[in-house]
Enquirer: 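Here it is, the structure, as structure tokens.
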Amino acid sequence: MGKIDVAQGEVLHRQGDSVESVELLLKGSFSLQAGEDYALQADSGAILGAFTPAGETYRYTYTASEAGTLFAYDYNSEEDLISAIKETPAIAPVMASATVALVNGLIDALDSLYEKGRGLVLDLKSNYTDYRNVCAALMTPPQTYATVEALELPERPELLSSWQVDFWQASYEQDEKLRQGYYPTDINFCVGTILQAAQMAQLLQPALDAMTDFIHTTQAQTDDFVREYHTQKAKLDEAKRQEALGTGEGELPSIQNAMSTILAFSGISRDIAEKFRNDILSFAQIANKTEKSDTMRRLRRDIADNFYKIYEAAFFRSLETAELPAEVKMFFLFGFVDEHLAGTENTAALYKYALLWEDDPEGRVLTTYGWLRKIYAGEVPPSKNEFDQDWSECVKERQRTHEITDQEAEALLADRKAMVHFELTNMIASANKMTYGSVFSFVPAFFAESVVRPLENCFASPADVRAALDKVRSIDYSCFYRPALTSYQQWKINSFEYHVEVLPYIILMPNFGSRGVMWQDIEGRRRTTPAHFVLSVFHSAELEDTVLHLCAQFRWEMCKRIQGVHYADIRDPSLTSEYINYLQFYKKNHELSAALKEKVKETLKRYRNSYRDVFIAEYEIFVRNESTGMSRLNKISRELLFKYCTFSQAYRDVLASNPQYMQLISHWTANQKAKLKTLGFMEHKIKGFKAEVPPEVTNEIAFTQM
């Protein structure tokens, strides 16, 4: 059939495909994967597909471990395989040697599966005994699991003690002598060795299948027990930790076998659990966890995919119980999955933070877990996805494209579980990666190497986040106020504009990261709904700076939202239109000196001519420096920021004698007095009807006096 070049990671054949060719591996190597159960390594010289008769289906998925070259032959009968060997007499000894190595790989796989099955039964029996002791310590009646009680050790496959295995193992051990003095002497020795190896592989396959079936069946039959055992064991471990803390015995008690507890609690399928466990163990052994190779990218992607599946399963499981194991709580809050991956000291710190966790009393700063609970309870809608579509828009889009029926769409709109899934796989999965800081090396599982500063210096508790937000609000008091309209027809007031403060939701992502993200400025289409901010629960950057940056982003985006298509139209004055006009035409501004114009030019260059980014940078300077009297902005920037992001009363009082602010404050105060006068007339008019003044009017008067 000809020569074939393969790239690393390319799949040549998939398990279950029909065998129609054999391939001589001239260069490179292949991994032969039998699902998640075992794998073989085929190196240069191997004949891929020779172990399966023509016309049957491949037992393995053949994936290139490294880039290489193959020569493919049609394979309709054994004669085709013999011809392929005899056509290349120069390398036939290498082919025979590689085939012997492959058949020994199968023998080793069978032996490993037998030991795995035997160890599985022994562990289950031991855990069953321990389970009864755990229940006795907890004074809880143990359940009876007949499937565990009836378990028997698997019989060792007879083939492992046969002369055939001894023969092939001896051939592998004496490979060098055979390659020098046996295979080269006659091509038929090579043919015979390869065909006999293929026959041996076919003898081994039923035994391999039987052992994998035994392991899968045993695991499936004992899943309920394993889940119950780890649940009760976690309760006892937590009780012991609490007792140790109560007696003040020193260091925090250790967390052990956390991944088993988390997986058992989640109730996730065995296949996903085992794949996740193996991937985490592989990831833990890699020295450079930020490596950008294809293999590492696939591993990180697989870990992330299964992490969120486990998170979702554990979340819904948590709704059924009032008690969460400490390990599960650490998983929900911090992305913790394994004490070895996180490191001993970090694990102890995470346990302490989980133990002492205090929710935000106002419910505005939430963990990812707390946010999902809020969605499930119907208290908040899911966030928008990366295409700026909210939940209802996504459902309608699927309905429009006939992916779902009208009845299914109607049911989905009220399906809380579907909403949680949408949030977890859209906003949370994306925001978790974005807040981490490096989207290319992101893994949602907490690992020690990601910790670049001591955890105690980075912990963003709800109280700390709330304090950082309140600090910005204490300076820029109107940051989260936005206009709303109402009318009072009974008093012949057709339109009344008032301001309402809507604080954002701040969702803490379960990672150690360095960024904050304003995910959306409103919910749905209503402008009086909360924004969604996200940041890492362990935040390596300065928390106050990140929150200030988020507020600056919100200021700009909220103004754009209110102004709509006119956000840049100077004929409709607003923060965005005036700021854009100033930055577009700064060269013609006679109030700026040549030096200041050059500085504006450099600023625009630094932020790649992004007016939004320039505003954000200057807003941060305005709040951080200008509010304390430290002049850092030019006259135009200062006037615009003061006009739309006015300092609160306390800061205005301090700056009242500052020459740069005296006129600004005086002008602003006069405008507010005029507004108060108008509001006073309205209040008087309403009272004239002997009616109670509406809260919108009262609150607007209070807002104008701030």
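Predicted model only: the values in this text are computed from it and were never measured. The first residue of the sequence shown is numbered 1, and numbering continues consecutively from there. Only heavy atoms go into these numbers, but all of them, side chains included; no hydrogens, no water, no symmetry mates.
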Enquirer: I'd like to know if Arg277 pairs up with Glu274 as an ion pair, taking the criterion as any Lys NZ or Arg NE/NH1/NH2 lying under 4.0 Å from an Asp or Glu carboxylate oxygen.
Expert: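 Yes, Arg277 and Glu274 are salt-bridged.
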
Enquirer: What orientation do Phe276 and Phe307 show, parallel under 30°, tilted 30 to 60°, or perpendicular over 60°?
Expert: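 Tilted: the ring planes of Phe276 and Phe307 meet at 30° to 60°.
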
Enquirer: For the residue pair Phe512 and Phe446, is the inter-centroid distance of their aromatic rings smaller than 6.0 Å?
Expert: no

Enquirer: One pair to check against salt bridge (charged side-chain N to carboxylate O under 4.0 Å, His left out): Asp294 and Arg298. What are the steps and the verdict?
Expert: CA-CA 6 Å; Asp294 290 339; Arg298 283 194 297 272; 5.1 Å; no

Enquirer: Whether the Tyr38 and Asp108 side chains hold a donor-acceptor pair (N or O, under 3.5 Å, no angle test) is what I'd like checked.
Expert: no

Enquirer: For atom CD of Glu379, is the number of surrounding heavy atoms from other residues, nucleotides or ligands below 6.0 Å larger than 12?
Expert: yes

Enquirer: Who passes side chain to side chain donor-acceptor pair (under 3.5 Å) against Asp209, sequence neighbours left out?
Expert: Arg59, Gln205

Enquirer: Start with the C-alpha distance between Thr344 and Glu339, add both sets of side-chain angles, then the distance that settles side-chain hydrogen bond (donor to acceptor under 3.5 Å, both in side chains), and finish with yes or no.
Expert: CA-CA 6 Å; Thr344 304; Glu339 63 274 14; over 6 Å; no

Enquirer: Do Ser29 and Gln41 get their side chains close enough for a donor-acceptor pair, meaning under 3.5 Å?
Expert: yes

Enquirer: Would you say that Phe332 contacts Thr368 through its side chain, given a criterion of any heavy-atom pair below 4.5 Å between the two side chains?
Expert: no

Enquirer: Is any side-chain N of the basic residue among Asp279 and Arg300 closer than 4.0 Å to the acidic one's carboxylate O?
Expert: no

Enquirer: Indicate whether any N or O donor in one side chain lies under 3.5 Å from an N or O acceptor in the other, for Thr290 and Asn288.
Expert: yes

Enquirer: Are Asp37 and His216 close enough that a side-chain donor and a side-chain acceptor fall under 3.5 Å?
Expert: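 Their side chains do contain a donor-acceptor pair, which is all the 3.5 Å distance test asks for.
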
Enquirer: Does any pair with a residue in residues 97-145 pass ring pair (Phe, Tyr, Trp, His ring centres under 6.0 Å), and if so which ones, sequence neighbours excluded?
Expert: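 Residue pairs with at least one partner in residues 97-145: Tyr128-Phe225, Tyr131-Phe225, Tyr145-Phe225.
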
Enquirer: Take Asn511 and Thr435, measure what side-chain hydrogen bond (donor to acceptor under 3.5 Å, both in side chains) needs, and give me the verdict at the end.
Expert: CA-CA 8 Å; Asn511 68 50; Thr435 55; 3.0 Å; yes

Enquirer: Taking the basic N atoms (NZ, or NE/NH1/NH2) and the acidic carboxylate oxygens, is any pair closer than 4.0 Å for Asp271 and Lys275?
Expert: no

Enquirer: Just wondering, more than 12 heavy atoms not from Arg297 lying within 6.0 Å of its CZ?
Expert: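 Check passes, neighbour count above 12.
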
Enquirer: Taking atom CD as the centre, does Gln202 end up with more than 12 heavy-atom neighbours from other residues, nucleotides or ligands that are less than 6.0 angstrom away?
Expert: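 More than 12 within 6.0 Å, yes.
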
Enquirer: Which residue is it: Tyr308, Phe265, Tyr369, Phe331? I am looking for the one with a ring-ring contact (aromatic ring centres under 6.0 Å, His included) to Phe315.
Expert: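 Per the ring-ring contact (aromatic ring centres under 6.0 Å, His included) rule, the option paired with Phe315 is Tyr369, out of Tyr308, Phe265, Tyr369, Phe331.
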
Enquirer: Going by distance alone, is a donor N or O of one side chain under 3.5 Å from an acceptor N or O of the other, for Gln232 and Glu228?
Expert: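 Looking only at side-chain atoms, Glu228 and Gln232 do form a donor-acceptor pair, the distance falling under 3.5 Å.
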
Enquirer: Checking Tyr60 against Phe51 for the ring pair (Phe, Tyr, Trp, His ring centres under 6.0 Å) test, could you report, in this order, the C-alpha distance in whole Å, the side-chain angles of both residues, the deciding distance, and whether it holds?
Expert: CA-CA 11 Å; Tyr60 313 101; Phe51 284 178; 8.3 Å; no

